[in-house]
Structure formats: C-alpha cells, structure tokens
Amino acid sequence: MKSLTEREEEVMNFFWDRGALSVREVVALHDEPRPSRTTVATFVKFLEQKGYLDHKTDSIGFVYFPIIEREDYCGHNLKNVIRRYFDNSIHNVVNFLIKYERYSDSEAKDLILQVSNKDIKKDV
C-alpha cells in the first residue's frame with residue numbers, strides 16, 4: 001500500500017465518508033476557499049494511480065469510489081509506525097503511552113487485558 005500525502009488523505013476522507021463521488025462533488029465538499037476543479041482532479045488521479053480509487057462512467061461523467069477501506073489504510077499506517085518507531089513492539093507502544101501520560105492507568109490495564117485475551121484466543 002502506497003503512502004498518501006496529507007492532501008491526498010484529505011481528499012480520500014471525502015470518499016471514505018461519502019462513497020462514490022464526482023470531482024465536482026469533492027470540490028463542493030471542501031471548505032472555503034475551495035480548491036480548483038483541476039487541483040482536485042489531480043489528487044483524484046494520484047489516488048487512482050496509487051490504487052485507492054477506481055472509477056465508473058455515469059451520466060454526469062466519471063464517478064470515483066474507494067477500493068481500499070479506511071480501516072485497512074489506518075491499520076497499515078499503524079503497523080508502520082509501530083515498526084519504525086517502536087521496534088515492532090506493542091509493549092514499547094504501551095510503555096510510551098504510559099510514560100508520556102497519554103493513557104490513564106485504567107486505560108493501559110484495559111489495553112493490556114485486550115492484548116492478553118487476543119493472545120489467549122490465538123493459542124486455543
């Protein structure tokens with residue numbers, strides 16, 4: 001899965017939130033000042049080339065739709081962050097979150113319990 005730039009993610013979120021859209025509809029969904037149709041069309045083209053979108057022909061022209069789910073994209077990115085910054089260790093992630101008080105003690109215990117239960121289910 002190829003990485004997305006921040007702007008590509010922003011455009012992709014419209015498709016994940018709404019489903020199939022035309023370029024004109026994506027432009028209309030942006031806050032003011034809206035980007036040009038050409039700019040949005042360029043990002044849509046990049047997303048299609050990267051394998052995130054596909055298109056079909058409609059009476060109004062091309063309609064684009066997501067072919068990669070948001071959850072798959074987020075999971076892929078999270079795995080990369082864990083691999084790159086935490087030595088591929090959930091333990092290191094939990095330690096980091098606790099150390100920098102990103103999670104309360106009860107949230108950390110719940111997370112550890114969830115991981116433990118997942119490991120138990122794998123062994124069965």
Side-chain angles (χ1 to χ4, degrees):
M1 188 176 299
K2 295 184 179 180
S3 354
L4 299 179
T5 66
E6 190 174 331
R7 290 293 307 267
E8 288 170 339
E9 264 188 49
E10 181 184 332
V11 171
M12 195 63 207
N13 276 315
F14 289 121
F15 290 99
W16 282 326
D17 290 341
R18 306 279 179 127
L21 297 165
S22 68
V23 169
R24 181 171 290 133
E25 290 169 321
V26 175
V27 171
L29 290 170
H30 277 82
D31 292 331
E32 292 289 346
R34 290 188 173 101
S36 71
R37 186 182 181 292
T38 305
T39 299
V40 172
T42 299
F43 281 108
V44 168
K45 180 181 85 170
F46 291 156
L47 290 166
E48 191 171 25
Q49 288 172 347
K50 288 183 174 184
Y52 286 83
L53 295 176
D54 200 355
H55 72 273
K56 59 185 176 187
T57 305
D58 195 319
S59 60
I60 59 170
F62 288 137
V63 175
Y64 298 87
F65 54 93
I67 55 176
I68 290 182
E69 298 294 325
R70 178 185 275 140
E71 292 76 21
D72 294 334
Y73 175 72
C74 292
H76 176 77
N77 281 342
L78 182 58
K79 286 177 187 176
N80 281 338
V81 167
I82 293 169
R83 180 183 50 79
R84 290 174 61 195
Y85 300 108
F86 297 99
D87 198 27
N88 212 26
S89 166
I90 292 292
H91 184 271
N92 291 346
V93 173
V94 173
N95 281 339
F96 176 85
L97 293 172
I98 292 168
K99 180 178 179 181
Y100 293 98
E101 300 179 24
R102 304 278 198 271
Y103 275 105
S104 68
D105 288 345
S106 65
E107 289 173 316
K109 287 175 186 174
D110 287 345
L111 180 59
I112 291 166
L113 184 61
Q114 287 177 17
V115 171
S116 295
N117 286 339
K118 185 176 179 182
D119 287 341
I120 290 169
K121 288 177 185 175
K122 276 191 203 175
D123 292 340
V124 173

| said: One pair to check against side chain to side chain contact (heavy atoms under 4.5 Å, CB included): Ile67 and Leu53. What are the steps and the verdict? | reply: CA-CA 5 Å; Ile67 55 176; Leu53 295 176; 5.8 Å; no
| Step by step, would you call Phe15 with Val44 a side chain to side chain contact (heavy atoms under 4.5 Å, CB included)? | CA-CA 10 Å; Phe15 290 99; Val44 168; 4.2 Å; yes
| task | Would you sort out whether Thr39 and Val27 count as a side chain to side chain contact (heavy atoms under 4.5 Å, CB included), showing the intermediate values? | result | CA-CA 9 Å; Thr39 299; Val27 171; over 6 Å; no
| task | Please test Tyr85 against Phe96 for ring-ring contact (aromatic ring centres under 6.0 Å, His included), starting from the C-alpha separation and ending with a verdict. | result | CA-CA 10 Å; Tyr85 300 108; Phe96 176 85; 9.7 Å; no
| message | Does Arg7 form a salt bridge (Lys or Arg N to Asp or Glu O under 4.0 Å) with Glu10? I'd like the steps, not just the answer. | response | CA-CA 5 Å; Arg7 290 293 307 267; Glu10 181 184 332; 3.8 Å; yes
| query | Are Leu21 and Leu29 close enough, and set up right, to give a side chain to side chain contact (heavy atoms under 4.5 Å, CB included), and what steps lead you there? | reply | CA-CA 10 Å; Leu21 297 165; Leu29 290 170; 3.9 Å; yes
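Using a 30° and 60° split on the angle between ring planes, Trp16 and Tyr52 fall in the perpendicular class, above 60°. Between Tyr64 and His55, the two ring planes are tilted [angle within 30° to 60°].
Although no hydrogens or angles enter the test, the distance criterion places no donor-acceptor pair under 3.5 Å between the side chain of Arg37 and the main chain of Val23. A distance-only check finds no donor-acceptor pair linking the side chain of Arg83 to the backbone of Lys79 [under 3.5 Å].
Counting all heavy atoms, side chain and backbone alike, Val63 lies closest to Ala20 at CG1-CB, 3.5 Å. Here the shortest heavy-atom pairing between Ile60 and Ser22 reads CD1-CB, 4.1 Å. Across all their heavy atoms, Met1 and His76 have their closest contact at O-NE2, 3.4 Å.
Other residues, nucleotides and ligands contribute only 12 or fewer heavy atoms inside 6.0 Å of the CZ atom of Arg24. Shown here is Glu6, whose CD atom has no more than 12 heavy atoms of other residues, nucleotides or ligands within 6.0 Å. For Gln49, the CD atom is densely surrounded, since the number of other residues' heavy atoms within 6.0 Å is greater than 12.
A salt bridge does not link Glu48 to Lys50: none of the charged side-chain nitrogens sits closer than 4.0 Å to a carboxylate oxygen. Between Arg18 and Glu25, none of the side-chain N atoms (NZ, or NE/NH1/NH2) sits under 4.0 Å from a carboxylate O, so this pair counts as no salt bridge.
Distance check: Glu8 CD to Asn13 CG gives 12.0 Å after rounding to the nearest 0.5 Å. If you take CD on Glu9 and SG on Cys74, they are separated by 7.5 Å, rounding to the nearest 0.5 Å. For the atom pair Leu47 CG and Thr5 OG1, the distance stands at 8.0 Å (nearest 0.5 Å).
When the side chains of ILVMFWY residues are joined at heavy-atom separations under 4.5 Å, either directly or via intervening members, Phe43 and Phe62 end up in a single hydrophobic cluster. Residue Ile90 is grouped with residue Leu78 when hydrophobic side chains (ILVMFWY) are merged at heavy-atom distances under 4.5 angstrom, including chains of intermediate members.
In this model, a donor atom of one side chain and an acceptor atom of the other lie less than 3.5 Å apart for Asn95 and His91.
Under the 4.5 Å side-chain criterion, counting only non-hydrogen atoms from C-beta, Phe46 is not in contact with Val11.
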